[in-house]
Number of protein chains: 2
Amino acid sequence: MDSTAETTDGYQAWSEVTPDAARRLLVAAVEAFAERGYHATTTRDIAGRAGMSPAALYIHYKTKEELLHRISRIGHDKALEILETAASAPAAAAERLDAAVRSFVRWHAAHHTTARVVQYELDALAPEHRSEIVALRRRSDAAVRRILSEGVRAGEFDVPDVPGTTLAVLSLCIDVARWFNVDGRRTPDEVGALYADLVLRMVGARPAAGTAPKR
Amino acid sequence: MDSTAETTDGYQAWSEVTPDAARRLLVAAVEAFAERGYHATTTRDIAGRAGMSPAALYIHYKTKEELLHRISRIGHDKALEILETAASAPAAAAERLDAAVRSFVRWHAAHHTTARVVQYELDALAPEHRSEIVALRRRSDAAVRRILSEGVRAGEFDVPDVPGTTLAVLSLCIDVARWFNVDGRRTPDEVGALYADLVLRMVGARPAAGTAPKR
DNA sequence: CCGGAGGGTGAGCAAGCGCTTAGGAACCGC
DNA sequence: GCGGTTCCTAAGCGCTTGCTCACCCTCCGG
């Protein structure tokens with residue numbers, strides 16, 4: 001049970017999930033969904049990873065989809081918090097964009113198993129859960145767009161197409177969850193730094209002062 | 001059967017798939033896999049979309065996985081051809097990078113159902129098929145990296161981390177398949193132009209002459 | 001010592017899955 | 001008209017799936 005020290009997601013999060021057994025099941029589900037995908041994962045597999053019988057799952061969750069919903073909700077809350085915190089800091093647009101991309105990417109890399117479930121299993125949610133999550137995602141989009149348009153207005157950025165560039169920036173960050181750690185040569189911090197630099201170039205800003213661009 | 005004029009993939013491709021019924025099944029499988037994912041798609045669903053009985057599928061394909069393999073192989077061949085053609089053109093690095101991103105993105109947008117299967121269902125392939133496909137993907141990576149390193153050597157680009165930037169460029173393009181056409185406000189050509197501009201900025205090049213950056 | 005509540009299990013149900021098999025319709029050269 | 005080939009179907013087999021149910025452990029206040 002404690003054998004897999006591998007899982008980067010044995011982190012302090014999920015602390016809000018309260019009966020201990022419920023949390024173990026949820027962590028097991030995150031691993032299984034990330035590895036094989038939601039539909040390819042069986043409830044027996046999840047229960048087995050948590051060291052329980054298949055029936056135990058249904059004491060804590062009504063359905064397999066409820067598990068996915070809980071994971072997706074908590075993950076989106078965390079990702080959104082990261083972006084909105086960076087977006088509303090009292091700093092220049094370039095600095096805020098650097099922080100947003102850096103921390104957002106770092107989260108996607110460090111918790112790539114969770115992020116993979118969060119970002120790529122949206123369609124498996126029940127319609128009402130899906131629309132709840134989609135609303136959160138629109139706020140992520142708004143946070144990034146706000147930084148970009150404020151940077152343009154302040155003359156810091158040169159961005160011909162703000163909505164399109166917003167989409168591209170988020171897309172670039174999100175896709176980190178797909179490829180990260182297949183054979184990890186980079187740390188989450190390194191990927192965050194690289195991506196922050198690339199995004200600042202995309203919007204026509206010089207790298208933020210103080211954050212050495214490592215040549 | 002001819003009811004879904006929606007499918008952007010009723011294009012001349014798949015022409016190499018020859019009994020007509022086999023092609024209809026394959027097109028049906030692309031649609032179903034793209035909509036619901038490989039594991040959530042049933043063989044009955046595929047056969048139904050193609051207007052056939054469930055058993056008909058097994059006349060033309062040995063397993064459901066063989067269908068996925070054929071789709072993945074043909075799609076990767078096409079994507080790779082696009083990249084390698086652009087990479088080996090007799091032109092400056094900036095111009096080749098522009099062409100590569102533009103055409104690669106355009107393909108992912110125009111054929112986003114196919115691209116989604118190609119890019120996001122890799123793990124559903126049998127091990128031997130997976131490694132065959134992974135080899136093709138390494139060649140895509142090599143094609144982009146070649147453009148970047150040649151551009152750096154020629155003094156056209158300013159790229160501190162060539163492998164990392166290669167990864168980011170490909171990642172950015174590939175992720176188009178995930179978000180495109182959820183509510184299509186942009187044409188594949190427009191997305192291609194936008195992304196080509198963004199990537200040229202990422203590598204520190206001015207937009208290629210002749211391709212107006214649309215302000 | 002007891003009763004009940006919360007957390008767990010073994011066995012299994014109905015439904016749906018990938019895939020097979022026996023057979024038949026349509027077309028072919030002869 | 002006939003045998004052969006090609007393409008397809010109706011029926012269904014064996015298995016797995018998500019989920020349920022009857023029952024059984026502790027543990028704990030009185």
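So that the names make sense, note that chain A is the first sequence line, chain B the second, and so on, each numbered from 1.
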List, with names and distances, any nitrogen or oxygen atoms from the protein found under 3.5 Å away from nitrogen or oxygen atoms belonging to nucleotides 23-27 of chain C.
none

Restricting to nitrogen or oxygen on both sides, can you table the protein-nucleotides 14-18 of chain C pairs closer than 3.5 Å?
unit_1	atom_1	unit_2	atom_2	d
C:dG18	OP1	B:Thr41	O	3.2
C:dG18	OP1	B:Lys64	NZ	2.9
C:dG18	OP2	B:Thr43	N	2.9
C:dG18	OP2	B:Thr43	OG1	3.1
C:dG18	N7	B:Arg44	NH2	2.8
C:dG18	O6	B:Arg44	NH2	3.0

Euclidean distance, atom [atom1] of residue [X] to atom [atom2] of [N] [Å, nearest integer]:
{"X": "A:Asp45", "N": "D:dT17", "atom1": "CG", "atom2": "C1'", "result": "13 Å"}
{"X": "B:Tyr61", "N": "D:dC8", "atom1": "OH", "atom2": "P", "result": "11 Å"}
{"X": "B:Leu57", "N": "C:dC19", "atom1": "CG", "atom2": "P", "result": "8 Å"}
{"X": "B:Leu25", "N": "D:dC8", "atom1": "CG", "atom2": "C1'", "result": "11 Å"}
{"X": "B:Lys62", "N": "C:dT20", "atom1": "NZ", "atom2": "C1'", "result": "15 Å"}
{"X": "A:Ile59", "N": "C:dG8", "atom1": "CD1", "atom2": "P", "result": "6 Å"}
{"X": "B:Met52", "N": "D:dT9", "atom1": "CE", "atom2": "C1'", "result": "12 Å"}

Review point. Which residues pass the ring-ring contact (aromatic ring centres under 6.0 Å, His included) test with B:His39, sequence neighbours left out?
Key: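 Residues passing ring-ring contact (aromatic ring centres under 6.0 Å, His included) with B:His39: none at all.
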Review point. What residues form a ring-ring contact (aromatic ring centres under 6.0 Å, His included) with A:Tyr195, not counting sequence neighbours?
Key: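 Expected list: none.
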Check your understanding: Pick one: which of A:Val30, A:Val27, A:Asn181 meets side-chain contact (heavy atoms from CB on, under 4.5 Å) with A:Thr113?
Key ->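 With A:Thr113 as partner, side-chain contact (heavy atoms from CB on, under 4.5 Å) holds for just one option, A:Val30.
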Exercise for review: Step by step, work out the side-chain hydrogen bond (donor to acceptor under 3.5 Å, both in side chains) result for A:Glu66 and A:His129.
Suggested key: CA-CA 9 Å; A:Glu66 189 192 325; A:His129 292 157; over 6 Å; no
**Study point:** salt bridge (charged side-chain N to carboxylate O under 4.0 Å, His left out) contacts touching residues 50-60 of chain B (sequence neighbours left out)
**Key:**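 Sorted result for residues 50-60 of chain B: empty, none.
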Exercise for review: Could you tell me whether A:Glu35 and A:Arg49 have a side-chain N and a carboxylate O separated by less than 4.0 Å?
Suggested key: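 Here A:Glu35 pairs with A:Arg49 in a salt bridge, since their nearest N and O are under 4.0 Å apart.
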**Study point:** Minimum side-chain heavy-atom gap B:Val134-B:His76 below 4.5 Å
**Key:**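 SC-SC contact between B:Val134 and B:His76 ruled out.
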Point to revise | pair B:Arg96-B:Glu150: side-chain heavy atoms closer than 4.5 Å | key: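 When only atoms from C-beta onward are counted, B:Glu150 and B:Arg96 do touch, with a gap below 4.5 Å.
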Check your understanding: Should B:His60 be listed as having a side-chain N or O under 4.0 Å from OP1 or OP2 of D:dC8?
Key ->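 Result: yes.
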Review point. In chain order, what residues pass the side-chain hydrogen bond (donor to acceptor under 3.5 Å, both in side chains) check against A:Tyr61, with sequence neighbours excluded?
Key: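 So A:Tyr61 forms no side-chain hydrogen bond (donor to acceptor under 3.5 Å, both in side chains) with any residue.
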